[in-house]
Amino acid sequence: MRVVSLVPSLTETLIALGVTPIACTRFCEQPSIAHVGGTKDPSIDEIIALRPDIVFVDREENRRGDADALRAAGLDVFATHVASVDDVGPMIASVAVRLGVDALPADFALDAAGAGRVRTAFVPIWRRPWMTINRLTYASSLLASIGITNVFADDVAVYPTITLDDAASTSPQLVLLPSEPYPFAARHIAEVAGALPDAEVHLVDGQDLFWWGTRTPAAQRRLAAGFVP
């Protein structure tokens, strides 16, 4: 089956299922596969010219207008939506059924039972302005599944715009600075630590926090090993 993936984490999952896309985005970390633009700016004409059997998109990662344009061109578009750890298993199963391939083996085990929520964390996703996440996001759910409570979980906005003073007022035990979508790096640690002197500030792999799918179980283990006593 000729498959195009416009979702980096789904490209990774498709390959784990034994299906290598004929094209993907430039953010998919698959240099051997043809690229058809980015997640927010795919080349619709190039995708149509490839005559794929199916194009995979995601409600969070991709724009509805691009998906509609692909459907209008007569392409079969399969849209995923993963907002929590609980969505990962059913998503993988539905993709496997659609492709007519075996799902992942039984040892692909997710631990979504939680660990007593023993620590609290502030997770910025952007700077200038500072932004974070609430509970209706995969990353917040992932942290909750290993016992880390997101201090902005109850905010009314999915992606709240805040200040470091706002973050400090929540008294988080941890600040997790991910490598994406904003590329936080060592140079940002002092800035954040200065505003939140009582919190431990750590750099984390943004893919472990935000890429759902086949990497989820290992991401749970890595994050728990690093930040949950």
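Just so it is clear, the structure is predicted and the values come from calculations on it, not from any experiment. Numbering of residues begins at 1 and proceeds along the displayed sequence.
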Can you tell me how far the [atom1] atom of [X] sits from the [atom2] atom of [Y], to the nearest 0.5 Å?
| X | Y | atom1 | atom2 | answer |
| --- | --- | --- | --- | --- |
| Gln173 | Ile148 | CD | CD1 | 9.5 Å |
| Leu203 | His188 | CG | NE2 | 9.5 Å |
| Arg222 | Ile146 | CZ | CD1 | 11.5 Å |
| Met91 | Ser9 | CE | OG | 7.0 Å |
| Glu12 | Thr214 | CD | OG1 | 4.5 Å |
| Leu142 | Phe210 | CG | CZ | 9.5 Å |

Test of understanding: clusters of I, L, V, M, F, W, Y form through side-chain heavy atoms closer than 4.5 Å, transitively. Do [X] and [Y] belong to the same one?
| X | Y | value |
| --- | --- | --- |
| Val57 | Val3 | no |
| Leu99 | Leu75 | no |
| Val77 | Val82 | no |
| Phe152 | Val158 | yes |
| Val85 | Leu209 | yes |

What are the two closest non-hydrogen atoms of [X] and [Y], and how far apart are they?
| X | Y | result |
| --- | --- | --- |
| Cys28 | Pro8 | SG-CA, 3.5 Å |
| Leu50 | Ala23 | CD1-CB, 3.6 Å |
| Lys40 | Glu60 | NZ-O, 3.3 Å |
| Ala167 | Pro172 | O-CD, 3.4 Å |
| Val4 | Pro52 | CG2-CB, 3.8 Å |
| Pro21 | Ile33 | O-CG2, 3.5 Å |

Looking only at atom types and distance, does a side-chain atom of [X] sit under 3.5 Å from a main-chain N or O of [Y], one as donor and one as acceptor?
| X | Y | value |
| --- | --- | --- |
| Asp66 | Pro42 | no |
| His35 | Phe27 | no |
| Asn134 | Asp155 | yes |
| Arg119 | Phe227 | yes |
| Asn150 | Val123 | no |
| Thr120 | Thr149 | no |
| Ser141 | Thr137 | no |
| Ser179 | Gly206 | yes |

Heavy-atom side-chain contact between [X] and [Y] under 4.5 Å:
| X | Y | value |
| --- | --- | --- |
| Asn62 | Thr39 | yes |
| Leu177 | Ile189 | yes |
| Leu10 | Trp212 | yes |
| His81 | Asp87 | no |
| Val95 | Thr13 | no |

Evaluation steps, side chain to side chain contact (heavy atoms under 4.5 Å, CB included), between Leu174 and Val204: CA-CA 11 Å; Leu174 300 168; Val204 297; over 6 Å; no

Other residues, nucleotides, ligands: >12 heavy atoms within 6.0 Å of Arg59 CZ: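 At most 12 heavy atoms, drawn from other residues, nucleotides or ligands, come within 6.0 Å of this atom.
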
Arg71 atom CZ: more than 12 heavy-atom contacts under 6.0 Å: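 It does: Arg71 CZ has more than 12 such atoms within range.
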
Aromatic ring pairing Phe78/Phe56, orientation class (parallel under 30°, perpendicular over 60°, tilted between):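 Tilted, since the angle between the ring planes falls between 30° and 60°.
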
Stepwise side chain to side chain donor-acceptor pair (under 3.5 Å) test for Thr163 and Asp166: CA-CA 5 Å; Thr163 66; Asp166 293 331; 3.2 Å; yes

Gln30 and Ile15: CA distance, side-chain angles, deciding distance, side chain to side chain contact (heavy atoms under 4.5 Å, CB included) verdict: CA-CA 10 Å; Gln30 301 295 334; Ile15 292 172; 3.6 Å; yes

Test side chain to side chain donor-acceptor pair (under 3.5 Å) applied to Ser145 and Gln220, step by step: CA-CA 8 Å; Ser145 77; Gln220 284 180 312; 2.9 Å; yes

Intermediate values then yes/no, side chain to side chain donor-acceptor pair (under 3.5 Å), Tyr138 and Thr216: CA-CA 10 Å; Tyr138 168 76; Thr216 299; 2.8 Å; yes

